[in-house]
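Numbers here are sequence positions counted from 1. A quick note: this is a predicted structure, and the numbers were derived from the prediction, not measured.
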Amino acid sequence: MYLKNEEKAKKIINLEVLKKQDLQTSEGTKEKEEEIHFVKKSQEYEIDEKIKSQLEWEYPYKISCNIPTMTTVSKIKELENIENYEKREIQSETRKFKQEKKMPEFAKEQETVTKARIGTLVHLSLQKLNEKEDYDIAKIENLIKSLLQKGLITEKESEAINKNDILLYTKSNLFNSLKQAKKICKETPFYFDISAKEIIKEEVDEKVLVQGIIDLYYIDKDDRLVLVDYKTDFVKREEELVTKYSKQLEIYKRALQEATGKKVDRVCIYSINLQKMIDM
């Protein structure tokens, strides 16, 4: 717009004249500033996203890290819940450390014999039996006394062993079968590789070296290979033992077959509490 009398116009209206080149420069600067601001915001967003990504990043093979390279058969059940396994291991090591502290003699005398320890004592007693001998209660008592004299058990532990349970075992069909066995192997240690996914039910490629001890296996009079695991659990029904220990006995069976190169014909639990053989 062109005004002929600019001075008169200024008296009527607030007039500001903008030159074309100034207007173009101003608009260009504003657009440039907006562009720079947008780029900065984009860069800040990208940085924030990178930081967030790094903070929230999780190792894709976290489960594999928690899988131990070696474990025992008794801990197989615990491994099924791999998330809590590491916490339990730390707690177990803490308890072990406390137990390994030197205990005064007077404290040892007052120490109670736990159920777990009683189970170990029963296993030891069965291991020391002579399958070629006929036992009565006096012979069982002498056996336990010999363990005490050799320093294998304490006085309090010798009192905790149920002698009648041991005697009843020597009258069982299993013990009679052992009398006729061609070969008897007790307390046999083994190491066996097992796929981790068999234990924890996750799709992982790792293997776990499982270690354990087979209580008893023998070749019977008919050349059959029989595997037996002693259990001292207090149960009312044999199904409880089958459910609880089926995985453990399956590993024992596979380990024994691999070690001997022979098929295991029979897998059993001998329940001290029920005083009977339970086929798996």
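The list of ring-ring contact (aromatic ring centres under 6.0 Å, His included) pairs with a residue in residues 145-165, not counting sequence neighbours, is empty. For residues 208-229, no residue pair satisfies the ring-ring contact (aromatic ring centres under 6.0 Å, His included) rule, not counting sequence neighbours. Sorted by first and then second residue, the salt bridge (charged side-chain N to carboxylate O under 4.0 Å, His left out) pairs involving residues 211-222 (not counting sequence neighbours) are D220-R224.
Applying the side-chain contact (heavy atoms from CB on, under 4.5 Å) rule to K183 yields the partners C185, I219; only residues at least two apart in sequence or on another chain are considered. For the ring-ring contact (aromatic ring centres under 6.0 Å, His included) test, residues two or more places apart in sequence or in another chain that qualify with Y270 are Y169. In this structure, Y245 has no ring-ring contact (aromatic ring centres under 6.0 Å, His included) partners at least two apart in sequence or on a different chain. For E131, the salt bridge (charged side-chain N to carboxylate O under 4.0 Å, His left out) partners are K186, not counting sequence neighbours. With sequence neighbours excluded, no residue forms a salt bridge (charged side-chain N to carboxylate O under 4.0 Å, His left out) with E155. K253 meets the salt bridge (charged side-chain N to carboxylate O under 4.0 Å, His left out) test with no other residue; sequence neighbours excluded. Considering only residues two or more places apart in sequence or on other chains, K179 meets the salt bridge (charged side-chain N to carboxylate O under 4.0 Å, His left out) condition with D134.
Using a 4.5 Å heavy-atom threshold, the side chains of I213 and T188 count as separate. Side-chain contact between L241 and I278 is present, with at least one heavy-atom pair separated by less than 4.5 Å. You'll find the side chain of L225 reaches within 4.5 Å of the side chain of L256, heavy atoms only. Residues D265 and V226 fail the side-chain proximity criterion, which asks for heavy atoms closer than 4.5 Å.
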Requested in this report: Determine, stepwise, if the pair D233 / K244 fulfils side-chain contact (heavy atoms from CB on, under 4.5 Å).
Outcome: CA-CA 10 Å; D233 307 46; K244 186 175 181 179; 3.1 Å; yes
### Residues R117, K156; criterion side-chain contact (heavy atoms from CB on, under 4.5 Å); working and verdict
CA-CA 11 Å; R117 181 58 183 163; K156 209 168 189 67; over 6 Å; no
What's the verdict on side-chain contact (heavy atoms from CB on, under 4.5 Å) for M280 and S246, showing C-alpha distance, side-chain angles and the deciding distance?
-> CA-CA 7 Å; M280 300 298 283; S246 58; 4.0 Å; yes
task = Could you walk me through whether I140 and L129 pass the side-chain contact (heavy atoms from CB on, under 4.5 Å) test, one step at a time?
result = CA-CA 9 Å; I140 298 298; L129 289 170; 4.2 Å; yes
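In terms of heavy-atom proximity, G119 sits nearest to T232 at CA-OG1, 3.6 Å. Closest non-hydrogen pair, D279 versus C268, comes out as OD1-SG, 3.2 Å. Contact between Q257 and V264 at its shortest, heavy atoms only, is OE1-N, 3.0 Å. Between D229 and Y252, the shortest heavy-atom distance links the atoms OD1-CE1, 3.5 Å. For L274 against V235, the heavy-atom pair with the smallest separation is CD2-O, 3.6 Å.
The 12-atom threshold is exceeded at NZ of K132, counting heavy atoms of other residues, nucleotides or ligands nearer than 6.0 Å. Within a 6.0 Å radius of CG in N130, more than 12 heavy atoms belonging to other residues, nucleotides or ligands are found. Atom CD of E258 sits in a sparse spot, with 12 or fewer heavy atoms from other residues, nucleotides or ligands closer than 6.0 Å. Surrounding NZ of K182 are more than 12 heavy atoms belonging to other residues, nucleotides or ligands, all under 6.0 Å away.
Not a single donor-acceptor pair under 3.5 Å links the side chain of S177 to the backbone N or O of N173. For the pair T112 (side chain) and T114 (backbone), a donor-acceptor distance under 3.5 Å is absent.
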Side-chain donor-acceptor contacts of residues 161-168 below 3.5 Å, not counting sequence neighbours, with atom names and distances?
from	atom 1	to	atom 2	distance (Å)
N162	OD1	N164	N	3.1
N162	OD1	D165	N	3.2

Per-pair distances, 0.1 Å, donor-acceptor, side chain in residues 141-152, under 3.5 Å, sequence neighbours excluded:
from	atom 1	to	atom 2	distance (Å)
N142	ND2	A138	O	3.3
S146	OG	L143	O	2.5

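Interatomic distance, CD of E133 versus CG of D136, reported as 9.0 Å (0.5 Å rounding). To the nearest 0.5 angstrom, I269 atom CD1 is 5.0 Å from L249 atom CG. With rounding to the nearest 0.5 angstrom, the NZ atom of K231 is 13.5 Å from the CG atom of N273.
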